[in-house]
Amino acid sequence: MPTIPLHPRPFAPSATAQGSNPLPPLLRTPSGLALLELQGDIRFPPTAAQASTQVGKLVFPLYSPDLNGEDDTKWMKRVYLYVGKNQRMAGEVKKLVKPFAVIRKRDVADSEDVVMGDAEATSTGEELEVVEIVKYKILFATRPEPVGGEVE
Amino acid sequence: MAAQQDEGGVPFAVAHDFQTFRLLELPAELVQLLEAPNPPPLSIKSLPPPASNRPSAQPAYAVLCTPSKSFHIRQVQTSNSVFVTQPTLDAHGNDVPTPTTCAIAACTATLELHPVDASAVASLEDALPLYDIISGEVDATHNGKSKAAVFADIPLSNGQCEQGWTEIVAFETSGSSYRPSVNTLRQVWSSINAAALAEGMKLDSQFLGYDLAELVREEGYPASLAQAVFGHLASAGQDTSGQWSCLDRRKVVSFVGRTLLQAKQGSAGHSIADFVEEWKDSLPEAWRGDADLMAIDGAYDNPTSTTIVARGNAASATAESVLPKATAAKGKWHERFAKTRKK
């Protein structure tokens with residue numbers, strides 16, 4: 001069976017300007033990718049003209065580097081995800097015991113000029129690449145609870 | 001840069017069309033490998049679907065390979081929804097586009113890695129036909145596969161495949177790859193030893209392996225087979241890819257003794273004295289004194305106090321071998337057919 005190359009770096013690394021990633025710095029990666037895990041599914045009526053729908057807000061109530069310093073990690077213990085008008089989930093930022101490599105198919109047309117280091121890889125054209133290594137995730141392990149009114 | 005949360009939270013959005021990502025759990029050694037400045041290329045190899053005549057139907061599976069290590073890839077369903085998010089600039093109903101965390105993919109399963117420490121020897125013995133030489137005639141079926149093609153079908157890293165390849169003295173010639181029979185090894189060693197003597201080459205110093213292999217080729221043995229013998233017997237740290245070779249004396253003495261003994265047919269046992277004499281005669285002159293049963297400890301039995309016989313079969317001793325005996329028997333049938341068809 002054909003061997004599929006897994007490139008350790010993305011062909012076209014997309015470095016997001018750090019300033020435009022709204023997550024706390026610990027969760028920022030070169031590609032901007034992060035992981036968020038929650039129980040259940042998020043349901044929403046998609047709005048036709050848009051590519052995405054805002055479903056809620058992430059709040060890091062204890063995150064305050066100005067007060068607690070850059071090295072503070074206690075803020076990781078409490079994260080809220082407000083969904084819609086009436087639901088809130090409580091979660092935390094967890095350091096992954098084993099980091100995840102986020103892998104996607106590489107667009108082979110892009111890599112035509114790239115010299116294949118692996119001589120015996122018999123290519124069907126399918127190639128994979130590691131886009132990011134993510135070491136933390138935002139985890140919401142409990143069911144949502146009902147809340148009302150505005151976020152303080 | 002402060003997070004947006006002090007202004008009411010980070011907007012969280014979900015994309016309408018999800019992309020496809022896979023999440024692969026990385027053990028610490030892979031994290032190190034991948035984060036280093038010039039990480040090596042990795043690959044994912046799958047086991048080919050089993051041939052229909054194999055009794056044990058092994059399902060195809062995938063293995064992640066670094067240059068020297070391999071890991072089983074096991075898919076694990078997640079009970080939760082795991083989203084891959086990315087920052088976007090969205091103006092959801094607002095006038096001003098705001099940095100937003102947007103879920104762009106959902107993973108219902110993640111991939112775990114489990115190290116594979118297996119030896120490639122069993123797979124190679126399965127894949128490589130025996131190259132035998134009987135009464136001066138080559139008796140071998142051709143698999144039409146290069147070494148690279150054989151490696152591509154073994155779900156182990158290149159490094160592990162190379163180790164197995166060297167261990168069984170495998171070689172590639174004329175578009176096919178083989179493993180030599182004990183009989184072949186005995187004969188090619190004899191040719192190597194004679195050629196080295198004639199050329200005054202000291203085998204445990206740097207010698208031109210390329211030249212010696214050419215001399216052996218003139219005697220009718222593939223040069224790549226001679227090179228495979230040099231690789232199998234190489235002294236520690238020797239670069240086996242260049243023109244120069246250097247053999248480890250103890251490895252040679254043990255190899256020659258075991259090969260001679262295994263090449264002797266019959267389980268009745270042979271005179272120890274005669275065997276040791278033959279062993280001495282097969283070594284470089286200066287090494288005759290090294291021919292001692294201690295050097296092949298574990299590889300022989302003594303049916304009586306004055307006789308000796310090789311212990312077990314030459315090759316596969318690994319418990320993991322799937323069908324060692326059955327395959328060997330089948331191989332012999334193929335070889336007999338080939339012989340009647342040949343020339």
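Order of the sequence lines fixes the chain letters, A, B, ..., with proteins taken first and strands second; residue numbering starts at 1 for each chain. These values consider heavy atoms only, across backbone and side chains, with no hydrogens, waters or symmetry-generated copies.
In this structure, the portion of Leu139(A) lying under 4.5 Å from any heavy atom of chain B is its side chain and not its backbone. Only the backbone of Ala51(A) has a heavy atom closer than 4.5 Å to any heavy atom of chain B. The part of Pro40(B) that comes within reach of chain A is its backbone (N, CA, C, O), which places non-hydrogen atoms under 4.5 angstrom from that chain. With a 4.5 angstrom heavy-atom cutoff, Leu33(B) does not touch chain A via any of its atoms. In this structure, chain A has no heavy atom under 4.5 Å from any part of Glu112(B). Neither the backbone nor the side chain of Leu27(A) comes within less than 4.5 Å of any heavy atom of chain B. For chain A, the nearby parts of Ser81(B) are the backbone and the side chain; heavy atoms of each come within less than 4.5 Å.
Here the CD-NZ distance, from Glu35(B) to Lys135(A), works out to 3.5 Å after rounding to the nearest 0.5 Å. For the atom pair Leu24(B) CG and Ile103(A) CD1, the distance stands at 4.5 Å (nearest 0.5 Å). Within the model, atoms OG of Ser46(B) and CD1 of Ile4(A) stand 6.0 Å from one another, a figure rounded to the nearest 0.5 Å. Between the SG atom of Cys107(B) and the CD atom of Glu37(A) there is a distance of 10.5 Å, given to the nearest 0.5 Å. Of the inter-residue distances, the one linking Leu35(A) atom CG with Phe21(B) atom CZ reads 10.5 Å to the nearest 0.5 angstrom. A distance of 10.5 Å separates OG of Ser43(B) from CG of Leu128(A), quoted to the nearest 0.5 Å.
Leu58(A) and Phe12(B) get closest at one heavy-atom pair: CD1-CD1, 4.3 Å. For Arg9(A) against Ala36(B), the heavy-atom pair with the smallest separation is NH2-O, 3.0 Å. When all heavy atoms are compared, the tightest approach of Thr101(B) to Pro22(A) is OG1-CG, 3.8 Å. Heavy-atom minimum distance, Pro87(B) versus Gly32(A): CD-O, 3.2 Å. A pairwise comparison of heavy atoms in Asn80(B) and Gln39(A) identifies OD1-CG, 3.4 Å as the closest pair. Between Arg104(A) and Thr20(B), the shortest heavy-atom contact is CB-O, 3.8 Å.
In Asp239(B), the CG atom is crowded: over 12 heavy atoms of neighbouring residues, nucleotides or ligands sit closer than 6.0 Å.
Heavy-atom pairs under 4.5 Å with chain A peak, among Leu111(B), Leu34(B), Leu64(B), at Leu34(B).
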